2 protein chains.
Amino acid sequence: MDQMDQEILQLLKINGRMTSSEISRQVHLSVPAVSERIRKLEESAVIDLFTVKLNREQIGQQLLAFIMVQLEKPEHVEEFRKVILQADSVLECHHMAGAYDYMLKVALSGTKELERLISETIKQVPGVVKTNTMIVLSSMKEEM
Amino acid sequence: MDQMDQEILQLLKINGRMTSSEISRQVHLSVPAVSERIRKLEESAVIDLFTVKLNREQIGQQLLAFIMVQLEKPEHVEEFRKVILQADSVLECHHMAGAYDYMLKVALSGTKELERLISETIKQVPGVVKTNTMIVLSSMKEEM
DNA sequence: GCTGAAATCGTTAAATC
DNA sequence: GATTTAACGATTTCAGC
């Protein structure tokens with residue numbers, strides 16, 4: 001991955017739909033050269049995927065929160081994982097070092113839905129002994 | 001935003017570079033109809049942006065962490081904001097309710113760089129009185 | 001708001017440097 | 001690896017529904 005690849009990735013980060021010909025003009029490289037570099041960045045897994053970032057407020061997710069979860073024993077991990085992967089409102093799930101085992105980033109319509117997620121989904125998983133929820137007031141930066 | 005828009009967004013979430021003609025085949029709508037819907041979803045800000053998700057391990061960011069920050073007084077927010085927006089390793093910054101004022105999601109090469117970020121960048125901001133860092137061991141889910 | 005057709009523009013593959 | 005050319009495919013525009 002050289003300087004040129006970095007420039008191309010920078011442009012794609014700002015606009016993932018930018019065409020190879022548009023990029024070609026900006027980086028002073030021929031169109032096939034640009035396409036080939038993008039293909040190789042995908043092949044080598046530097047590029048994970050192209051995606052679209054939605055405006056959460058516009059799609060009814062006005063509330064963002066982080067939920068710390070303490071899972072009693074490792075034998076409950078599989079069930080926990082299954083529940084998390086199925087829950088659409090859970091955007092991220094990280095296995096953590098420290099006082100809590102997992103940290104979830106969740107996007108919901110409001111506190112009512114948050115309450116339901118915590119008490120009816122997360123706390124229903126066997127082994128979940130403790131949770132700690134932190135509410136986001138606003139976000140000044142959010143990248144991938 | 002109707003059912004059709006949701007189907008299109010779902011496809012674009014999986015592949016942000018999917019062409020209108022590819023989408024057209026999958027949702028049984030003409031190509032111009034698909035293009036027009038995508039254009040309107042962008043115009044109405046439901047679509048925030050098209051972007052590329054990079055594989056952090058492949059680009060030398062093997063360490064992911066969350067840093068809680070306590071900021072003494074509101075008059076230091078502007079300086080704090082400036083530093084955060086400039087720091088490439090800070091992926092996210094959320095203003096929080098609760099014990100800490102801000103929560104950062106950071107991606108770095110390792111603990112050495114983390115130490116430098118905390119002591120030479122974050123703690124240098126006037127008003128930062130306390131931080132608390134949580135290390136990510138692995139991530140089982142990560143969407144936008 | 002969708003469709004179909006035509007013109008424009010972008011992509012891909014092969015040959016060459 | 002990059003470029004050029006030419007065939008192919010996608011997008012845009014617009015008339016008509």
Side-chain angles (χ1 to χ4, degrees), chain A residues 1-62 88-89 107-109 142-144, chain B residues 1-62 88-89 107-109 142-144:
Chain A
M1 232 206 5
D2 60 6
Q3 177 65 28
M4 188 60 80
D5 281 340
Q6 300 218 4
E7 282 178 42
I8 292 172
L9 287 176
Q10 193 51 45
L11 291 171
L12 287 173
K13 218 170 170 185
I14 298 163
N15 178 7
R17 289 206 122 203
M18 189 178 274
T19 62
S20 296
S21 25
E22 282 174 293
I23 295 168
S24 160
R25 277 170 232 138
Q26 300 226 20
V27 302
H28 308 294
L29 212 65
S30 72
V31 174
V34 171
S35 312
E36 184 63 6
R37 276 171 180 269
I38 294 173
R39 197 193 60 73
K40 282 186 182 166
L41 286 167
E42 284 189 80
E43 193 191 48
S44 67
V46 170
I47 291 178
D48 206 358
L49 60 79
F50 288 96
T51 191
V52 62
K53 186 176 184 296
L54 302 184
N55 185 327
R56 283 195 292 268
E57 310 236 327
Q58 294 277 343
I59 55 171
Q61 301 181 331
Q62 280 82 15
D88 285 339
S89 51
L108 311 125
S109 60
E142 201 168 7
E143 297 176 1
M144 289 216 93
Chain B
M1 230 205 5
D2 60 8
Q3 178 65 30
M4 187 60 80
D5 282 340
Q6 299 216 5
E7 283 178 41
I8 293 171
L9 288 177
Q10 193 51 47
L11 291 171
L12 287 173
K13 218 171 168 183
I14 297 164
N15 178 6
R17 271 176 99 82
M18 189 179 274
T19 61
S20 295
S21 24
E22 284 175 292
I23 296 169
S24 161
R25 278 171 231 137
Q26 301 225 20
V27 302
H28 307 295
L29 211 67
S30 72
V31 174
V34 171
S35 310
E36 183 63 6
R37 276 171 181 270
I38 294 173
R39 198 194 59 73
K40 281 186 183 165
L41 285 167
E42 285 190 80
E43 191 191 49
S44 68
V46 170
I47 290 177
D48 206 359
L49 59 79
F50 288 95
T51 189
V52 63
K53 185 176 184 299
L54 301 184
N55 185 326
R56 284 194 292 268
E57 310 236 328
Q58 293 277 344
I59 56 170
Q61 300 181 330
Q62 280 83 15
D88 284 339
S89 49
L108 312 125
S109 59
E142 201 166 10
E143 298 176 359
M144 287 217 93

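A quick note: this is a predicted structure, and the numbers were derived from the prediction, not measured. Every chain is numbered from 1, with letters handed out A, B, ... down the list of sequences.
In this structure, CD of B/E36 is placed 9 Å from C1' of C/dG1, rounded to the nearest angstrom.
B/R37 comes within 4.0 angstrom of sugar-phosphate atoms only, judged by non-hydrogen atoms across all strands, and of no base.
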Output a table of donor-acceptor pairs, distance under 3.5 Å, between side-chain atoms of residues 8-16 of chain B and any protein atom two or more places apart or on a different chain; print 'none' if there are none.
from: B/N15; atom 1: OD1; to: B/R17; atom 2: N; distance (Å): 2.9
from: B/N15; atom 1: OD1; to: B/M18; atom 2: N; distance (Å): 3.4

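With sequence neighbours excluded, no residue forms a salt bridge (Lys or Arg N to Asp or Glu O under 4.0 Å) with B/D88. Scanning for salt bridge (Lys or Arg N to Asp or Glu O under 4.0 Å) contacts around B/R25 gives an empty result, with sequence neighbours left out. With sequence neighbours left out, the salt bridge (Lys or Arg N to Asp or Glu O under 4.0 Å) criterion links B/E7 to no other residue. Applying the side-chain contact (heavy atoms from CB on, under 4.5 Å) criterion to A/E142, with sequence neighbours excluded, gives A/R56, A/L64, A/K105, A/S139, B/E92, B/H94. Annotation: side-chain contact (heavy atoms from CB on, under 4.5 Å) contacts of A/S89 (sequence neighbours excluded): A/L108, A/L117. For A/Q26, the side chain to side chain donor-acceptor pair (under 3.5 Å) test picks out no residue, with sequence neighbours left out. With sequence neighbours left out, the salt bridge (Lys or Arg N to Asp or Glu O under 4.0 Å) criterion links A/E57 to no other residue.
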Worked verdict on B/L54 versus B/V52 for side-chain contact (heavy atoms from CB on, under 4.5 Å)
CA-CA 6 Å; B/L54 301 184; B/V52 63; 4.2 Å; yes

Test log, rule salt bridge (Lys or Arg N to Asp or Glu O under 4.0 Å), inputs B/K40 and B/E43
CA-CA 5 Å; B/K40 281 186 183 165; B/E43 191 191 49; over 6 Å; no

For A/N55 and B/V46, run side-chain contact (heavy atoms from CB on, under 4.5 Å): C-alpha distance rounded to whole Å, both residues' side-chain angles, the deciding distance at 0.1 Å, then the answer.
CA-CA 5 Å; A/N55 185 327; B/V46 170; 5.8 Å; no

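Of all nucleotides in DNA chain D, those with any atom nearer than 4.0 Å to a heavy atom of chain A start and finish, going 5' to 3', at D/dA2 to D/dT4.
Judged by distance alone, with hydrogens and angles left aside, the side-chain atoms of A/S24 form a donor-acceptor pair with the main-chain N or O of A/L29 at under 3.5 Å.
End-to-end axis angle of the helix from C/dG1-D/dC17 to C/dC17-D/dG1, from C1' rotation axes over five pairs per end: 30° (rounded to 10 degrees).
Contacts of residues 5-13 of chain B with DNA chain D (heavy atom under 4.0 Å): none.
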Treating primed atoms plus P, OP1 and OP2 as sugar-phosphate and everything else as base, which nucleotides of nucleotides 9-17 of chain C get B, S or - for protein heavy atoms under 4.0 Å?
-SSBB----

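Taking the charged nitrogens against the carboxylate oxygens, B/E42 and B/R39 have no contact shorter than 4.0 Å, which rules out a salt bridge.
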